[in-house]
Asker: 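Starting off with a structure, shown below.
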Amino acid sequence: MTRFLRRTGFHFARKRSRGEAVWRNAAPSNPLTGGDISCPSRPGPPLAPAESMKAERYNAREAEPRWQKIWQERGIFTTANSDPRPKYYVLEMFPYPSGRIHMGHVRNYTMGDVVARYMRAKGMNVLHPMGWDAFGMPAENAAIERKVHPKAWTYENIAAMKAQLKSMGLSLDWSREIATCDPAYYRHQQKMFLDFWQAGLVERKTSKVNWDPVDQTVLANEQVIDGRGWRSGAEVEQRELTQWFFKITAFSQDLLDAIDKLERWPEKVRLMQKNWIGRSEGLLVRFALAAKNAPKGFDEVEVFTTRPDTLFGAAFMALAPDHPLAKAAAQRDPKIAAFIAECRRTGTAQELIDKAEKKGIDTGLRAVHPFDPAWQLPVYVANFIVMDYGTGAIFGCPAHDQRDLDFARKYKLPVVPVVVPEETDAKSFEIANEAYGGDGRLANSRFLDGLAVEAAKEEVARRLEQEKRGNRPVAQRQVQFRLRDWGISRQRYWGCPIPVIHCDACGAVPVPEKDLPVVLPEDVEFDRPGNPLDRHPTWKHVPCPRCKKSARRETDTMDTFVDSSWYFLRFTAPAAKTPTDAKAERYWMPVDQYIGGVEHAILHLLYSRFFTRAMKATGHAHLDEPFKGLFTQGMVVHETYQKPDGAYASPAEIRIETEGEKRRAVLATTGEPLEIGAIEKMSKSKRNTVDPDDILSTYGADTARWFMLSDSPPDRDVIWTEEGVQGAHRFVQRLWRLAHELAEIAAPANAPRPKSFGSAALAVRKSAHAALAHVSEDIERLRFNRCVAHIYEAANALGSAIAEARTAGLLAADLAWAFREAGEILVRVVEPMMPHLAEECAAALGYRKLIAEAPWPALERNLLVEDTITLPVQVNGKKRADVTVARDAGNADIETAVLALDAVKRALDGKRPKKVIVVPQRIVNVVA
RNA sequence: GCCCCCGUGGCGGAACUGGUAGACGCGCCUGACUCAAAAUCAGGUUGUCGCAAGGCAGUGCCCGUUCGACUCGGGCCGGGGGCACCA
């Protein structure tokens, strides 16, 4: 299974123009209807499935695979790059092939599919691809635990998940499928690594990492629990390792600035990214060290501050434990060394140190205040200063920084307020246990007194910039970012090899392009911890490409976030010989609508934004921002059930019993009572998962899709309930029955449009077009729960109209025509959400083509406006009556009509109204 | 600790830009069909007073702006999320 993917690519895609279907595989045409669809799985005319069954119920299990097969055979979801229509690129975050899809996937892919099908109906050339984020640790864990090769495990999982996704009836272009573990994919990633390197966007440097000594690998921060490796339980060490980095910080400012232009991104995500990048403007200030006891080679300390205005409130200076000066001081004072060692130890237990006390030790060194040579500040080493932000040293101003205040109180340092809130007396302003971080005027600050905070910052910067010491200004303005470079080295097997060869003579040498890809060797053992690439007998040993002497391959592989940072670009031309095809990339990018979980709000999305910029810089892309529209969907959550002994029971094992409005859960087998617990994210540990396979086989894909969209706004969590699913399933059946009822009474497919419509027919048309208008708008704004409500409403209205027509006995031609129109609109607007049912209903209505290929109905706007309008009438803001007037009635006429109403007369009690407010087309308020 | 978001019936949620609060669904109640049940169909369902017509209260709590506030402003309470010694 080396090439499981058949990449047909765009050049093989069939050509077709809009509206002209090419149905090469179709069964012989029905002579009466022309290019009919027929169902390859069953003989007979197109109406067979609906008519011949004559069953009372819609059988999703039989119908869904049948339609899926027809769609596939017609290739209607295969997208051509050469299509002249405007493009629309819909993408859902591709899955990790864990082996089974979960409900979160069902929700995610359903949403994307609704958008894709809608845009297709609106005449767009839609790209809606799918692939696999196929590298990663679970495959290696499986290899260790179950002795399966990561590759075999991964591809088996892909096959299983693909089958599951297919059963959902998603309109995906499977011809573009990619798997990131395929050398055909990662070779381009290696090429880009080299290009980035050449462009100065890759760097090799040492950094501190969490090292698991048992598993012999680097752990990500989230894999360290209470200072121990999550798998091995071994105490994690801080190690200095030489690693490869992508220089994402080269784009810090641009990544920040561009966020404002991402208008179709959730505000929440934009804010999270801004905070993550964490820009702050400040001043680098050089503090001279008092000469008498400064260690050799140190005559000053540089400090970064965002509050230079508070310089006269300085009480101390503090150094990070890793600061070079702290290390120098430790060498001659064992007490300082001991303190630094203590800081290192608490360094791993994240949660605990968060609340840890501010602690420090006086080094005995003294720093000189930049504005007053006679003023010396004690220099401490402190546990709350980190080396990798700013300069690893600060000056502490206790009055205006809580941490500094806590520290000052502990070590009895002076607390002098230098910023005083407006309209507060500087003399009486005191700091107790809360630092003052607000705005105000400067005080106790010599030449700064009376200035506003901003002006004081400016004044300090101006003065210190001009002052020189040793030929350099004492201070300079600086912008700091919280964002760090992206370390991509992982001591792992199942990842993209970093295409570098280490030579003792030449250093790190790029693998020549002709030797790409560097393919993972398949003969590896997982019997020992550590990276199998590192101990592979042959793979590692290669001649240096430059000097030909024996050299070693880089055995680290890339962080899997790299794989997912450009897959959306690869989808535009998945078979291209270069990472991207310029023409296809230009046509398709950016992704118009990207849909996925909020958990990727920062890392994946920020890395992708960086990668796209880096690809632009190296000529592989034409734009900076890959995702024009982003939507983050909520989770699927479920009730939990606990037995008296605390063990959890799964939804499949329980039964809900109701007594009036009381619900209680019991174990289905024994009737043992269960406690209904909190509604939580579906997880194995709480056993509150629902298997999509069970739902799909019991109710069918359409029911699952419909329920996923119906209950909650898509960005919020949706509670999966059995009752809700059954409700969705009832609607599936109801629509199906409705279609069959309509088939009996509606006008034939090509009946001529009546010249005019009576009131009954008009009402049917109005309700259908109102639904059409609402559904269109709500899909465009991704408000799927409202689409669902409007479809319910339309179906209810249509059902009532049919019942009325039945009662009346006589069916006028105009009403029969309106019924047909309404039925077709209803089926069409249902299709993005329940595509199989829509096809089935359309067939029942005598529709001869695929509804999935039918254009979106044209909206007749004039049906949305009424001749008369009913306005609510308020008296003093409380609704008392309604008034019906002509749509274009003047305010004076409305006022007269309102004052004539009984309810208004009663409320006014014979008095004259003070005022009558008429809000056109909205409301009337009478002020008594 | 800092930043952000959210509080509406028994439940999930509607309510466009300040203009009829509770659309639609779930659940529940009543009725029809049935020997019965399921399914289906019809009706009801914010609370409260009332036989009714209708009245009163009501969108976490308090205050304000407005002819009019779920919506805007201030304060508080509760829930969720992000970041975390970021100088």
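Since this is a predicted model, take the numbers as computed values, not measurements. Naming: A, B, ... by sequence-line order, numbering from 1 per chain.
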Asker: Name the pairs: protein N/O against N/O of nucleotides 77-79 of chain B, kept only if under 3.5 Å.
Answerer:
none

Asker: 5'-most contact on RNA chain B: A:Gln726 or A:Val926, nearest heavy atom basis?
Answerer: A:Gln726
Asker: Mind checking the P distance from B:rG31 to B:rA36? Whole angstroms is fine.
Answerer: 13 Å
Asker: Using a cut-off of under 3.5 Å, enumerate the N/O to N/O pairs linking the protein to nucleotides 38-44 of chain B.
Answerer:
{"from": "B:rU40", "atom 1": "O3'", "to": "A:Arg737", "atom 2": "NH2", "distance (Å)": "3.3"}

Asker: Among the candidates B:rC67, B:rC24, B:rA84, find the nucleotide nearest to the side-chain atoms of A:Val927.
Answerer: B:rC67
Asker: Scan A:Asn785 against the nucleic acid and name what it touches under 4.0 Å (heavy atoms): base, sugar-phosphate only, or nothing.
Answerer: sugar-phosphate
Asker: How is A:Phe304 classified with respect to the nucleic acid when contacts are heavy atoms under 4.0 Å: base, sugar-phosphate, or nothing?
Answerer: base
Asker: Tell me whether the side-chain N or O atoms of A:Lys914 pair up with the base of B:rC67 as donor and acceptor below 3.5 Å, since no angle test is needed here.
Answerer: no
Asker: Taking the six-membered ring for Trp, is the centroid-to-centroid distance between A:Phe707 and A:Tyr699 below 6.0 Å?
Answerer: no
Asker: Does any donor atom in the side chain of A:Arg609 or A:Gln273 lie under 3.5 Å from an acceptor atom in the other side chain?
Answerer: yes
Asker: Between B:rA14, B:rC24, B:rC26, spot the one nearest the side chain of A:Glu723, thanks.
Answerer: B:rC26
Asker: Do NZ/NE/NH1/NH2 and the carboxylate oxygens of A:Glu680 and A:Lys686 come within less than 4.0 Å?
Answerer: yes
Asker: Go through the structure and list residues passing side chain to side chain contact (heavy atoms under 4.5 Å, CB included) with A:Cys841, not counting sequence neighbours.
Answerer: A:Ala739, A:Val827, A:Leu837
Asker: Is the base of B:rG9 syn or anti, where syn means the angle lies within 90° of 0?
Answerer: syn
Asker: Going by heavy atoms closer than 4.0 Å, what residues in residues 871-879 of chain A are next to RNA chain B?
Answerer: A:Pro872, A:Gln874, A:Gly877, A:Lys878, A:Lys879
Asker: So, do A:Leu782 and A:Met111 sit near enough that their side-chain heavy atoms are less than 4.5 Å apart?
Answerer: no
Asker: With sequence neighbours excluded, what pairs up with A:Thr884 under the side chain to side chain donor-acceptor pair (under 3.5 Å) test?
Answerer: A:Thr870
Asker: In chain order, what residues pass the side chain to side chain contact (heavy atoms under 4.5 Å, CB included) check against A:Glu599, with sequence neighbours excluded?
Answerer: none
Asker: Using a cutoff of under 3.5 Å, can you pull out all pairs of nitrogen or oxygen atoms linking the protein to nucleotides 2-8 of chain B, with atom names and distances?
Answerer:
none

Asker: Do A:Arg57 and A:Trp736 meet the cation-pi criteria used here (NZ or CZ under 6.0 Å from the six-membered ring centre, within 45° of the axis)?
Answerer: no
Asker: Are side-chain N/O atoms of A:Gln480 and A:Arg279 paired as donor and acceptor at under 3.5 Å?
Answerer: no
Asker: Need one value for A:Arg781: base, sugar-phosphate or nothing, where a base atom within 4.0 Å counts as base even if backbone is also close, heavy atoms only.
Answerer: nothing
Asker: Between B:rC67, B:rU20, B:rG25, spot the one nearest the side chain of A:Ile917, thanks.
Answerer: B:rC67
Asker: What residues, two or more places apart in sequence or in another chain, satisfy side chain to side chain donor-acceptor pair (under 3.5 Å) together with A:Asn785?
Answerer: none
Asker: Among all residues two or more places apart in sequence or in another chain, which pass the side chain to side chain donor-acceptor pair (under 3.5 Å) test with A:Ser683?
Answerer: A:Ser685
Asker: Quick one: label A:Ser710 by what it contacts on the DNA or RNA (base, sugar-phosphate, nothing), any heavy atom closer than 4.0 Å.
Answerer: nothing
Asker: For A:Ala773, which residues count as a side chain to side chain contact (heavy atoms under 4.5 Å, CB included) partner, sequence neighbours excluded?
Answerer: A:Leu859, A:Leu864
Asker: Any pair with a residue in residues 912-927 of chain A that passes salt bridge (charged side-chain N to carboxylate O under 4.0 Å, His left out), sequence neighbours left out, goes on the list, sorted by first then second residue, please.
Answerer: none
Asker: For A:Val386, report the nucleic acid contact type (base, sugar-phosphate, nothing); a contact means any heavy atom under 4.0 Å.
Answerer: base
Asker: Test of understanding: with side chain to side chain donor-acceptor pair (under 3.5 Å), list the residues that count as partners of A:Gln402, not counting sequence neighbours.
Answerer: A:Asp406
Asker: Ignoring the backbone of A:Ile602, work out which of B:rG25, B:rC83, B:rC16 is nearest its side chain.
Answerer: B:rC83
